[in-house]
Each structure stands twice: as C-alpha cells, then as structure tokens.
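This report refers to the structure that appears directly beneath it.
Convention: sequence-line order gives letters A, B, ...; per-chain numbering from 1.
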Amino acid sequence: MDNKEYAKILEEIATLTRVVGDSFFRVRAFSRAARLIEDLSQPVDELVDARRLDLIDGIGESIEEELVMIRMTGSSPRHQELLDRIGRDVMELWEIPGLGIKRIQLLYQEYGIASVAKLKEAILANKLLNAPHFGPSIQDKLLDEISGWERGRGRRYPLPEAKALAESLRLQILENPDVKRAEIGGSIRRGKETIGDIDILVTSSHAAAVSSWFRGLPEVIEVIQEGDTRSSVRVTNEIQCDLRILDEHLFGAGLHYFTGSKDHHIQMRLRSKKLGLKISEKGVTLYDDKSETPIGPMDTEEEVFAAVGMQYVPPEIRMGKDEIRLGEAHSIPKLVERSDLTCDPHVFTDLSLGRQAPGEFFEACLAAGYSTVVLAEKGTLSGKGVRPGDFENYLARVRKLDESFAELKVVAGLDVEILENGLLDFDLRLLAKLDWVVARMGKEVSDEAEENTQRVMWGIETGLVSCLAHPTGRHLGVDSGYPLYFDEVLACARDFGTALEMSGNPQELDLNAVLARKAREAGVDLVVASGAGHVMGLSQVEYALQQARRAWLEPKDILNTLPFREMVGRTRVLLNR
DNA sequence: GCCGTTTTCGGCCCGACTGTTTTCAGTCG
Ligand SMILES: Nc1nc2c(ncn2[C@H]2C[C@H](O)[C@@H](COP(=O)(O)OP(=O)(O)OP(=O)(O)O)O2)c(=O)[nH]1
Ligand SMILES: [Mg+2]
Ligand SMILES: [Mg+2]
C-alpha cells in the first residue's frame, strides 16, 4: 500500500475522532502522524516489515499497531468502526471555514447533522435558531461558505500558479510608501507542491493603514478578516491571501512565523519553552516579561534561530521533524542552492521546439553563474525536431555558437522519447556521439506498471541515456503520472549511470522531494534543471532546487554542481568504459 | 496518543480576529 493511503486513513481517523469528541491531543497525534508518513521517502510497508516504525518521532505504540494492522489486513478496524458509526460525509464539515470542533460536535451530537447537505437544509429550515454558537451572522456566513464549497473553493493550487499570483501581489504591496518590506511566506516559501493560500508578511510603522489599504486593492473580491495587524481576503479566482503586518524590527520574527510550518512552530516552541524562551511573531521573549521585549535583534531569521541557540534552518525543511534536533546541534548540512550549480542541463531553443534562439539564453546563463548550458533539443526519427539527417548540421551550428561565446560552454544534447519497443526515437549510433542525452517516456503509455517499467528500463539499458527526464510522467495538479515500479527504475538507472532529472518545469515539478530522496538513497545521481524553452524560464530551476532542499539534498548529491566534464564522466558507464 | 539533559505522569505553541460574548469562547493563522 502507498504511503499516501496510510496517511489518508490516519487523517480520517483524526477527523472522525474529533467529531465524537475525543481528546484534542490524541486527535493531533493522529493528524501529525499522517503528515509525517506523507513526507516519508521509505515505504511504510517496508518499515512495518522491518519493525522500524517506532524510530519515527511522533509515532508510538498505538499508531504503529494501527499501521501494522493496515499492512496485514488492508484496513484499520478503528477507522472502519468510526466510518460505520458516523459515516464518511461528516468529514466534509471540516472543509467549511467557520466550523471547528465545538460547532461540528454540536451539529452531530445534538442535531444529528453529518454532512454539508444536511447542514444547509437545517439552516434553510431555521432548525438552528436556538443552537448556541450559531447566531444569525454565523448562519449567513455558513450559507455563503457552503455555496463556495459547492463550487470547489477550498482546493489547493499548484505551486507555480500560486507563486506567480503571490509575486504580483507582493510587488503591488511594495508600491505603498508606508510598506517597508514585503515577503512571501507560508507553503509557497517552503516549496510545497500544492498551496492552500498566499501568505505575505509585511513590515510597516503604519500597520492599520496598510491593512485597510490592502483590503481595498482592485483584485480583492471579498474580505474575510479585517484587523489592524492582519487581513485576510479572497482575490481573483477565489484564492485566499493572508497579510500579517508587523513593525520593521520584527521582520525576521514575522517571516519565521509566517513561513511555518505549523508543526515546525509547535516543535520549536516546545523546545524553547523548556529553556524559558517564548517564540512568537513578536520575536523571542521571556515568558515572565509582560512587556514582551525581544531578547535580541529580530531583524533576520538567523537572529531568531540564534536567540534560541539554533543554527539557521532553510524554509524547505521546516516540517517540525529532524530540523529541530539537528538545528540545535548545529549540524544541518548545507543544502544545495542555485549558486552551487555549474550548469543548466536542460534547456531547448528554436533549434527544435523552443521559442527563442540559443543566443538569447547565453547572457542569462552567465548571469545565473553557469559555466555550461546543455541544449537538450527534441530529437526524433520522424516527428518534429532534430532528425538524424539534420544531426551533423545541428552539431556544426552548436559548435559555432559555442565558439562565438567564449565565457559559456554550449553543449549539443538531445532529448528523445523512449518508444514502445524500448528503443530510443533516434539513431542510436549518433546519440553515442553526444555528451548529453536526455530520454523520457514516449507516447502510448500503458495502464500496467509492469510494461511501463520494462519500457523505461529498456531505454536506460541502451546505455546511451545521461539523464531520465519527467520520470513519473506526472502533471502537477492534473494527474499523478503513469503506473511505474519506481524502485526498479532506480536500480537500473544506478547500474547504467543514468541520472534522474529534477525539473523546474511548472507543469511537471518532477521528481518531487519524496522521490528525489528515494533516488538519493538508492545511490542514483540527480540533476537539477530548468527544462526551459524560453529565457524567462531559466529561473524555474528554483522550483527544482526547492524540491531538492525539501529532500535534504546537498551539492554533492547533485551532478550539475560538478564541472561538465565530470558530469559526463559520471554518467553512461557503458560508454565511459 | 506521544514523550522525557528537570518528568514514565502530566503536560502538550502562541497570538489575532470575530461575534457565539459583555469578560470570553471559538476559530484561524
Ligand atoms: N504558531 C502557529 N503558527 C501557525 C499556525 N497555523 C499557521 N501558522 C503559521 C505558519 C504557517 O506556515 C503560516 C501560514 O498558515 P497557513 O494556514 O496558510 O499554512 P501554510 O501556508 O503553511 O500551508 P497552506 O498551503 O496554506 O495550507 O502561519 C498555528 O497553529 N500555530
Ligand atoms: Mg498558506
Ligand atoms: Mg494562510
């Protein structure tokens, strides 16, 4: 069974338990365990079999037992029993903003309301007039939220889409002269693949004025919350945007707070509390200090971590897990950053299917600090792109470009599909002449993991593939890719010296952090690439880098932190022999 | 339910906004 499915069952147990009114902390334990499992690179199946689940902080005897049971029988008795007793539809109620533990328990226990549809009926039939905590304005709000819910309002957005909108809002906010700084926080800054809302931290000495000005921006379609130091609104296409405004000297504390995650804060605050230090967006203070004066400067996040004796923790790994312990011991490794990259190993230009000429990319590559760029142009036997007949001409053109631009090494590569018979969609002898060959699953993908796995492995086994692109075939926010036995592909890639690509292509973001971690643990090399077909797209590599950091990858784990010659030497073991 | 450089029992993050509420509970970030 998939880790996602284990996580789902635990989360549902948490949600259902809340309805019947169990201890808040027991519920939170189940919910946290669900999140822990979702971010695990090792399959729960394996952990159960090896009896190693209890090594995970936050999973104890009961939850381990639960997982073992699921592993053995395919389902959890506790989960089944809860579902049978109160039904699946109650869980919808948690998706309605304004409904929390008290109101849902009241609805269920006093009124037998166990679905959104029943709640709507009850409100419209005035059945809740005497219910405590259900005054008239709450009921109006609930009706509105229910209609939003029916239109699918609460959905999560792909990171790139949300980030683009967030950036444009941030720039507008910065135009207000009262605003000192504005920074995107929340799950966008942590690089989560999907985003629930946009969180922006602002500093200003006129918080209330900024807050109310923000609520009046043209793209604001609805105000959800209006305070002097925070506002919450809905902007175009229904996405929610939260603004928190603090004094300038609290920028570091505020950004740390608004970046999260929630679990990171709970764990950080718990530990600091034992030292007598209170952490909040107001900085690090002493619990008994009524004036809430920070114990040191809080302008930067580094200072916040330092104030509680910790090393700086990069946003992407703030999950409330190992980063707390390691941060305290000052032993968090230096994770990979853009400045570590020597090369963008995957761009394509109008030499094949791209929109811009190769020359237009070069200045931007230099500005990014690269010494090399690989043109991974689409290669094909019969489709659109570079054909075998164009091969010599293509090489000659790239050689000329390379010579004309002394500071940047321009490499002729190709990006080819793996055909149904496992061969590559190009003349194999020609591919052997290239320093860098990207391959990817071609068309007519099977529903059977067996067949897809075999096909990808045959492709790799040609010995010609430097790098496997778009390994899972997933499209972010659309589909989860083709069925595949990923472990087998990893073993094959390791044996043949094929790297796996982490692409910043916003439609793909593939590999993601969990699978990248898995690849790393299997001894497979990784590259981080933009996958860009236009100059502006070069910066997309930052999405891939965020996934890499979420996987705790260091420069040494990423092939394109090496000089290009060494990248070539580390890949395609058959050719290098 | 989980956990332990003060604990194997007794805690479990902290603050802002809203209106259910007129001294505070509920929800949310
Ligand atoms: N201390 C504390 N901070 C919180 C809590 N909930 C949220 N925050 C902080 C950390 C979050 O990253 C930040 C933004 O909250 P969000 O609800 O928008 O969550 P986040 O952006 O992490 O994920 P999302 O994709 O929006 O669901 O606010 C909480 O319960 N306690
Ligand atoms: Mg958020
Ligand atoms: Mg938010």
For A:Glu121, which residues count as a side-chain hydrogen bond (donor to acceptor under 3.5 Å, both in side chains) partner, sequence neighbours excluded? none

Under 4.0 Å between a side-chain N or O of A:Lys141 and OP1 or OP2 of B:dT18? no

Output one line per pair: protein atom, nucleotide atom from nucleotides 3-6 of chain B, and distance, for all N/O pairs under 3.5 Å.
| unit_1 | atom_1 | unit_2 | atom_2 | d |
| --- | --- | --- | --- | --- |
| B:dC3 | OP1 | A:Gly58 | N | 2.5 |

Only pairs at least two apart or in different chains count here, so list each salt bridge (Lys or Arg N to Asp or Glu O under 4.0 Å) that has a residue in residues 85-100 of chain A. A:Glu12-A:Arg88, A:Glu81-A:Arg85

What residues from residues 164-174 of chain A pass a heavy-atom cutoff of under 4.0 Å to DNA chain B? none

Counting only non-hydrogen atoms, which of residues 12-41 of chain A are less than 4.0 Å from DNA chain B? A:Phe25, A:Arg26, A:Arg28, A:Ala29, A:Phe30

Please list, chain by chain and in numerical order, all residues satisfying side-chain hydrogen bond (donor to acceptor under 3.5 Å, both in side chains) with A:Asn512, sequence neighbours excluded. A:Glu193

Using the salt bridge (Lys or Arg N to Asp or Glu O under 4.0 Å) rule, collect all pairs that involve residues 244-258 of chain A, keeping only residues at least two apart or in two chains. A:Arg244-A:Glu281

With heavy atoms under 4.0 Å as the rule, sort A:Gln267 into base, sugar-phosphate or nothing. nothing

Base, sugar-phosphate or nothing for A:Glu64? Non-hydrogen atoms, less than 4.0 Å. nothing

If you look only at pairs with a residue in residues 101-120 of chain A, which of them pass as a side-chain hydrogen bond (donor to acceptor under 3.5 Å, both in side chains), with sequence neighbours excluded? A:Lys120-A:Glu150

Hey, does the Lys NZ or Arg CZ of A:Arg155 hover above the aromatic six-ring of A:Tyr157, less than 6.0 Å from the centre and inside 45° of the axis? yes

Could you tell me how far apart A:Arg244 (CZ) and B:dC17 (P) are, to the nearest whole angstrom? 7 Å

In B/S/- notation (B base, S sugar-phosphate only, - none; protein heavy atoms under 4.0 Å), nucleotides 20-29 of chain B written 5' to 3' is B----SSSSB

By side-chain hydrogen bond (donor to acceptor under 3.5 Å, both in side chains), A:Glu222 pairs with (sequence neighbours left out) A:Arg234

Using the salt bridge (Lys or Arg N to Asp or Glu O under 4.0 Å) rule, collect all pairs that involve residues 290-301 of chain A, keeping only residues at least two apart or in two chains. A:Arg189-A:Glu301, A:Lys278-A:Glu292, A:Lys282-A:Glu292, A:Glu301-A:Arg318

Which residue pairs pass the salt bridge (Lys or Arg N to Asp or Glu O under 4.0 Å) test with at least one member in residues 540-553 of chain A, sequence neighbours excluded? A:Glu316-A:Arg549, A:Glu542-A:Arg549

A:Ile266 or A:Ser231, whichever maps to the more 5' nucleotide of DNA chain B: A:Ile266

